[in-house]
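Here the structure is laid out as structure tokens; the discussion comes afterwards.
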Amino acid sequence: MSNPQITLVFATNNQNKVKEIRTILTDPFEIITLTEAGIDIDIPEPHDSLEANASEKSQTIYRLVAKNCFSEDTGLEVEALNGEPGVKSARYAGEGRDFQDNINKLLSNLVNETNRKARFRTVVSLIWEEKEYLFEGICEGHITEDQKGLEGFGYDPVFIPDGATMSFAQMTMEEKNSFSHRKKAIAKLVSFLKNKLHE
Ligand code: ITT
């Protein structure tokens, strides 16, 4: 007999995240998007930490659907910029949330900077049987001088993870997943839920 499905609503409006998570959370997990759940809201991210924003997103959606759900908040933390853009990654260059504007601002803030060290940090907030659990995933790397590659989204064209020679935007999704912050955080969620189900 096959294992029962584990159904989770994914509290995000970012379709790139949905694509990545669907390649990571495969059988027995079943992901329901907000669109599929019939929810059309701009989820608030008002806080100054990834943890608090992830929590706000999952709690907001839980109040609407009353089903097991999760969200994630991700930031790019650049050492020479004291951790910026960090929690402001989506709106770094303004409310337009434009990927190219954000990259332009980042590269111009790093002109002549030799310390290119950076990391992506993802915080996942899971609401499982009414309780909340947080999981973190970090991917260390560095910021390139110029953009490379067309795949992925956000800051992918300017980020090379440690141990790679290509930017995230030059990788297939499977290659990105083998390094990524998101994959690491979700792997912790998976082992947590597998343990719960065997309790
Ligand atoms: P939500 O609906 O899930 O909140 P969002 O697009 O607002 O989606 P975040 O606040 O978590 O997502 O992400 C902040 C920004 O960081 C996002 O807009 C991207 O520009 C960037 N980002 C997040 N994950 C990334 C990744 O894996 N690669 C490159 N950039 C990423």
Side-chain angles (χ1 to χ4, degrees), residues 1-77 83 85-92 95 97 119-139 152-156 173-174 176-199:
M1 226 173 70
S2 62
N3 287 326
Q5 294 276 302
I6 302 169
T7 302
L8 297 171
V9 176
F10 184 16
T12 184
N13 284 316
N14 182 325
Q15 295 316 308
N16 297 291
K17 288 185 183 178
V18 172
K19 271 193 228 152
E20 280 189 17
I21 296 273
R22 280 207 157 126
T23 67
I24 299 170
L25 273 179
T26 50
D27 199 44
F29 293 93
E30 185 195 7
I31 302 304
I32 312 265
T33 63
L34 291 185
T35 318
E36 287 161 357
I39 295 170
D40 178 15
I41 58 162
D42 195 13
I43 317 176
E45 295 179 276
H47 304 290
D48 61 6
S49 76
L50 298 176
E51 286 78 2
N53 280 335
S55 207
E56 176 92 29
K57 290 189 256 191
S58 62
Q59 303 276 357
T60 301
I61 296 307
Y62 184 71
R63 281 195 292 274
L64 291 170
V65 296
K67 287 188 179 133
N68 293 324
C69 65
F70 72 103
S71 71
E72 63 106 293
D73 206 39
T74 295
L76 176 66
E77 302 174 341
V87 72
K88 292 179 264 171
S89 294
R91 296 176 172 80
Y92 192 39
E95 286 304 313
R97 303 168 58 103
R119 64 183 198 171
F120 274 113
R121 193 162 74 88
T122 292
V123 174
V124 166
S125 162
L126 168 71
I127 301 188
W128 179 258
E129 295 180 346
E130 296 172 31
K131 287 207 191 85
E132 185 185 0
Y133 305 88
L134 296 180
F135 307 95
E136 182 187 60
I138 290 175
C139 176
F153 68 102
Y155 297 91
D156 281 346
M173 204 176 287
E174 286 69 25
K176 179 178 174 184
N177 286 343
S178 72
F179 295 97
S180 100
H181 41 294
R182 184 162 293 108
K183 169 69 188 272
K184 288 176 185 158
I186 293 292
K188 290 180 186 170
L189 174 151
V190 168
S191 68
F192 169 84
L193 283 180
K194 287 194 169 160
N195 282 335
K196 277 265 166 219
L197 295 170
H198 288 109
E199 269 174 6

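For the single chain, residues carry numbers from 1 onward in sequence order. Keep in mind that this is a model prediction, so the values were computed, not measured.
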Short side-chain to backbone donor-acceptor contact, N13 and I41, under 3.5 Å: yes

Straight-line distance of L197 CG to W128 CH2, nearest 0.5 Å: 5.5 Å

Check step by step if side-chain contact (heavy atoms from CB on, under 4.5 Å) holds for V9 and L34. CA-CA 7 Å; V9 176; L34 291 185; 4.1 Å; yes

Measure across T122 and H181 and return the closest heavy-atom pair with its distance rounded to 0.1 Å. OG1-CD2, 3.1 Å

Roughly how far apart are I138 CD1 and K184 NZ, rounded to 0.5 Å? 8.5 Å

Name the orientation class of the two ring planes belonging to F192 and Y133 (parallel below 30°, tilted from 30 to 60°, perpendicular beyond 60°). tilted

Run the side-chain contact (heavy atoms from CB on, under 4.5 Å) check on L134 and S125 step by step: do they pass? CA-CA 5 Å; L134 296 180; S125 162; 3.6 Å; yes

Please examine the side chains of R182 and I21, heavy atoms only from C-beta on, and report whether any two atoms are closer than 4.5 Å. yes

Side-chain ion pair, K67 and E36, N-O less than 4.0 Å: no

Can V124 and I186 be said to form a side-chain contact (heavy atoms from CB on, under 4.5 Å), step by step? CA-CA 7 Å; V124 166; I186 293 292; 4.0 Å; yes

Ignoring hydrogens and angles, tell me if any N or O in the side chain of K183 forms a donor-acceptor pair with the backbone of S178 under 3.5 Å. no

Do F29 and L193 make a side-chain contact, defined as non-hydrogen atoms from C-beta onward lying under 4.5 Å apart? yes

Approximate separation, where rounding is to 0.5 Å, of L8 CG and L126 CG: 6.5 Å

Taking every heavy atom of F153 against every heavy atom of N14, the minimum-distance pair comes out as CE1-ND2, 3.8 Å

Within-4.5 Å side-chain heavy-atom neighbours: I61 and S71: no

Rounded to the nearest 0.5 angstrom, the CD1-CD distance for I127 and Q59 is 4.0 Å

Can you see which heavy atom on E45 is nearest to which on N53, and at what distance? C-OD1, 3.1 Å

Atom CD in E30, atom CZ in F10: separation rounded to 0.5 Å? 15.0 Å

Over all heavy atoms of both residues, which pair between A185 and F135 is shortest? Give the atoms and the distance, please. O-CB, 3.7 Å

Under a 4.5 Å cut-off applied to non-hydrogen side-chain atoms, are V18 and I31 in contact? no

Going by heavy atoms in the side chains, are R22 and T33 under 4.5 Å from each other? yes

Measure the NZ-OG1 distance between K19 and T23 for me, rounded to the nearest 0.5 Å. 11.0 Å

Please enumerate all residues that pass salt bridge (Lys or Arg N to Asp or Glu O under 4.0 Å) together with K17, with sequence neighbours excluded. E72

Do any pairs count as a salt bridge (Lys or Arg N to Asp or Glu O under 4.0 Å) and have a residue in residues 124-137, sequence neighbours left out, and if so which ones? R121-E136

Which atom names give the shortest non-hydrogen contact between V87 and H47, and what distance separates them? CG2-O, 3.9 Å

Looking at C139 and F179, what are the two nearest heavy atoms and their distance? SG-O, 3.4 Å

